[in-house]
Amino acid sequence: MQDNQDPNQAEQGDAIAQGYSPQTVETAAQRYWNTQHAYEVVEGDARPKFYCLSMLPYPSGALHMGHVRNYTIGDVISRFQRMQGKNVMQPMGWDAFGLPAENAAIKNRTAPAKWTYANIEHMRTQLQSMGYAIDWSREFATCKPDYYVHEQRMFVRLMKKGLAYRKNSVVNWDPIDQTVLANEQVIDGRGWRTGALVEKREIPQWFLKITDYAQELLDGLDTLPGWPDAVKTMQRNWIGRSEGLEIRFDVKDDEAPVAPLTVFTTRPDTVMGVTFLSIAAEHPLAQYAAQARPQLAEFIAELRQGGVSEAELETQEKRGMDTGLRAIHPISGEALPVYVANFVLMNYGTGAVMAVPGHDQRDWEFAQRYSLPIRMVIVDRNVIDALRAIKHDLSRGVGADPMRAALDGRSTDAYEVSSAVEQVEQFEQRILQQGAWTERGILVNSGEFDGMDFQQALDALATRFEAEGRGQRRVNFRLRDWGVSRQRYWGCPIPVIRCTRCGDVPVPEDQLPVLLPEDVAFSGVQSPLKADPEWRMTHCPSCGGAAERETDTFDTFMESSWYYARYTSPGATAQVDERANHWLPVDQYIGGIEHAILHLLYFRFYHKLLRDEGLVSSDEPARNLLCQGMVIAETFYRENADGSRDWINPADVEIQRDERAHVIGALLKADGQPVQIGGIEKMSKSKNNGVDPQSMVGKYGADTVRLFSMFAAPPEQSLEWNEAGVEGMARFLKRLWREVTTHAAQPDHPPTDTAALDDAQRILRRQLHETIQKVGDDFGRRHAFNTAIAALMELLNALGRFNDLSEQGRAVRHEALEAMVLLLNPVVPHISHALWQVLGHPETVLEDQPWPQVDASALVRDSVTLAVQVNGKLRATIELPCNASKEEAEAQARAQPQVMHFLEGLTVRKVIVVPGKIVNIVAG
RNA sequence: GCCGGUGUGGCGGAAUGGUAGACGCGGCGGACUCAAAAUCCGCUUGUGGUGACACAGUGGAGGUUCGAGUCCUCUCACCGGUACCA
């Protein structure tokens, strides 16, 4: 069986003598894979396809641990799936446009293009040192014209379809630098570099009509069982479908009618509780009212201060001002004040809301602050039901009694009525004093609608308003159209020509791409595109007259929304070709949870755009999604005299512990003096707690780094980097190496004869096959790589204790070691590649070896351990034959001394026997 | 603010409603060594007890269940997202 005829045996002998050398092993394996083109794939293959995709990296300069974790997960799944007989494609590319290149350009005075290309070269080398099974022949960078030309072509088609359009929208404006700022560049309402107070400014921008697909994007989530529920829930909430009524309020300025206000509400049942209206500062009516009211104009100007991010808008103090306009209540005819409020967003709904302080908490707080009336118009159904139970004569006009119509007209005595009315009054007092009651209930104080529930009120009001032409039923989405314009240089130019006569004209397809000049001087203030008249000035494709190019570029989410499709069709003249339908949808997508909403929604949207252009036939881009957690590490610092902190890298610190291993402090290795412990945080430059993957690979080898990143935590949780833990992984690989090489030095052995095994051999073989079963399930179904590795560690521990050098002992050991090398291969492919040869096989691509099969007969046990509980508390364990009956189990359990002791003086009421698990005796 | 998630020994984590703490790290003790490193073996949730064992214990408060780390309600802390970071 083990006849080592390999010509490389002498070389391996040296390797064995030298022990495990990661560098030698990894260089050799990677060289072999390259010469074999082991991970390049084509479509014409009998095996079923498996497209395994990891989110493409931004080339920020150096590989970080987050990348290593993401790509190692993808690589383990890729190699595992190939060992299951699939034709696996795992591509890689570069999300090469983006803000950091501009920031680096300002800092280092290099052109963004040059910086980006240098980073790509460096990071590709780093990625390759990790030994990922990537098909590098499909690689691309999104900043290259042969990539972005397709993005421009798609955009002009969307313009023609009416799915791309231009409108005004608000951005962060830095008045000193005279530039638009990203939300992350606004810190506490100020520009990050100038410190100037940021202002909101409206500018024209391009949008894609993602809202046309809102319903489909929502419904599509139900077709994705392989996506995490958290992601689907977040997307559902983000899309935010709601049903309600759109209602028009007539508005008067003094007594003169002005343009009416339209509001959308999901709570039309509260309409009789409206005591004022709130509108956004950008609302046309607010602008109108401000013309004649300097104080209001000043207030609106004040609201322009600060950034535009939702987090900032929603956490600021709620403020408002009366516009002086009066809205006419559509039913009561009452004149209601119209307020400008800073919490009403122009880009959500209609930019105006009807305020019901009695039944909306935000309106309640606003009403309190500005002394506006609060009205109860909904009462808890339980309160009403209590009243309805009382016999009550309604005919004796209760008049203003809020319960008038809610009560059912039967007679009762005065005492009960007054106690019932008291309940309602208490309810009303609670609303007035403690806050809005926002549940659905029964209408009161609502005239003809009294006594109705939510649905009845909705129907009645919709019918009435529709008949009057004053309102209608409407479905509203929280989702807004995708703004794709960026006032930046380092991005894909938007292929539009602005002509004073013809308007916005798309660049004709045969004139695409609109090239982004790469060799530019970049100061950070003005975009080189705007500054370059030669680039900007052109002719209108429509009338031939002088015209200007659009100088904005695309949001970089544009590139990352379709890269997955381009990988399938390298070299295609169109955006993708027929190969796309072979590979798509992606079978497994892997990336960070931080992309749960924006990227993953645009990615799904763009797939539908590709589909509607006839380029792909599927509805969704990815079947399965795995979101991995962050990589975090301990932080350390020293405080300076001025209170600022110098952050110290964990590699330069030594931890101090007391005799019980509690951490009591930390010292800087360089000077032996104490440093402060700053807590565990996401690896970042600012906290200097980043661990460089390259130095780790240099020190321990790629396999050890891969093993640790898969072992230290399950993939979807955050992973704490800990070098001592890395050393533990290196120890494991060393022991594996020793175990295999020592075994290989033993004489040949006959095949395993399962009938001839002694107890110890049978138990070891059973553990082996249990491990094969567990690892397959953990890798394939659960993606619980950490527990799979733990099971393999246990198996190696068992092998270490198994000192049987008999022929059958060696046979079982050989079976176990071969299986282990194959099971570990997805995680640590280099050492597996080498050890497979040590075990007597010729050099090969290990993914083409079949995955070890579980021998069901090896799993059979003749006895099983049961836990015995008394009233749910563990009191004993018993060993029973597997075929023991429930009665036998109960009898055995009751005979245990500890059980008898705890049952003393008690009556057994019930005995629960779960076969193979527990016996629980319930006694009292 | 809103949406989503997480919380278990000294630490990372395991336990797919059925023996809480697998596996790894750290610590302590031992073997080997002139010594150290490496390696190997043993112990390691807390409290009490020589011990067998007992009691407590999965952020906090309730609940469902024969049985809850796991399911439900409320609550606290932290993390991610919040539409121009990617």
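A, B, ... follow the sequence lines: proteins, then strands. Residue 1 opens every chain. Quick caveat, the model's predicted, so the values are computed rather than measured.
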Exercise. Starting at OH of A/Tyr602 and ending at C1' of B/G81, how long is that distance when rounded to a whole Å?
Worked result: 12 Å
For this session: Would you mind classifying the nucleic acid contact of A/Arg781 as base, sugar-phosphate or nothing, using non-hydrogen atoms under 4.0 angstrom?
Result: base
For this session: Tell me what A/His599 touches on the nucleic acid: a base, only sugar-phosphate, or nothing, going by heavy atoms under 4.0 Å.
Result: nothing
Exercise. Which is true for A/Ser560 with a 4.0 Å heavy-atom rule: it touches a base, it touches only sugar-phosphate, or it touches nothing?
Worked result: nothing
For this session: For A/Arg735, answer base if it contacts any base atom (sugar-phosphate contacts may also be present), sugar-phosphate if it contacts only those atoms, and nothing otherwise; contact means non-hydrogen atoms under 4.0 Å.
Result: sugar-phosphate
Exercise. Rounded to the Å, how far apart are A/Glu723 CD and B/C25 P?
Worked result: 14 Å
Exercise. Which is true for A/Leu99 with a 4.0 Å heavy-atom rule: it touches a base, it touches only sugar-phosphate, or it touches nothing?
Worked result: sugar-phosphate
Exercise. What integer number of Å spans the P atoms of B/U45 and B/C32?
Worked result: 28 Å
Exercise. Contact class for A/Gly483 vs. all strands (heavy atom < 4.0 Å): base, sugar-phosphate, or nothing?
Worked result: sugar-phosphate
For this session: Looking at every strand, decide which applies to A/Phe711 at a 4.0 Å heavy-atom threshold: base, sugar-phosphate, or nothing.
Result: base
Exercise. When you look at NZ of A/Lys167, are more than 12 heavy atoms from neighbouring residues, nucleotides or ligands closer to it than 6.0 Å?
Worked result: yes
Exercise. Taking N and O atoms by type only, does the side chain of A/Arg488 place a donor or acceptor under 3.5 Å from a partner on the base of B/C84?
Worked result: yes
For this session: Would you classify A/Val914 as touching base, sugar-phosphate or nothing, given that sugar-phosphate means primed atoms plus P, OP1 and OP2, and contacts are heavy atoms under 4.0 Å?
Result: base
Exercise. Does B/G51 sit syn or anti, given that only angles within 90° of 0 count as syn?
Worked result: anti
Exercise. Which part of the nucleic acid, if any, lies within reach of A/Asp777 when heavy atoms closer than 4.0 Å are counted: base, sugar-phosphate only, or nothing?
Worked result: base
Exercise. Base, sugar-phosphate, or nothing: which does A/Gln205 touch, judged by heavy atoms less than 4.0 Å apart?
Worked result: base
For this session: Identify whether any heavy atom of A/Thr315 sits under 4.0 Å from a base atom; if not, whether one sits that close to sugar-phosphate; answer base, sugar-phosphate or nothing.
Result: base
For this session: Would you indicate whether A/Asp188, at its atom CG, is surrounded by more than 12 heavy atoms from other residues, nucleotides or ligands within a distance under 6.0 Å?
Result: no
Exercise. If you look at every strand shown and take non-hydrogen atoms under 4.0 Å, does A/Asn920 touch a base, only sugar-phosphate, or nothing?
Worked result: base
Exercise. Nearest 0.5 Å, what's the CD-CG distance between A/Gln487 and A/Asp552?
Worked result: 4.5 Å
Exercise. Could A/Asp555 and A/Arg486 be called an ion pair, given the rule that one side-chain N must be under 4.0 Å from one carboxylate O?
Worked result: yes
Problem set entry | Residue matched to B/C55 through Watson-Crick or wobble contacts both under 3.5 angstrom | B/G46
For this session: Tell me what A/Gln487 touches on the nucleic acid: a base, only sugar-phosphate, or nothing, going by heavy atoms under 4.0 Å.
Result: base
For this session: Mind running side chain to side chain donor-acceptor pair (under 3.5 Å) on A/Trp206 and A/Glu550 for me, showing each step along the way?
Result: CA-CA 10 Å; A/Trp206 288 96; A/Glu550 169 70 74; 2.8 Å; yes
Exercise. A/Glu716 CD to B/C79 C1': how many Å, rounded?
Worked result: 15 Å
For this session: Round to a whole Å and report the spacing from CZ of A/Arg875 to P of B/U19.
Result: 15 Å
For this session: Assign A/Arg801 to base, sugar-phosphate, or nothing according to its heavy-atom contacts below 4.0 angstrom with the strands shown.
Result: nothing
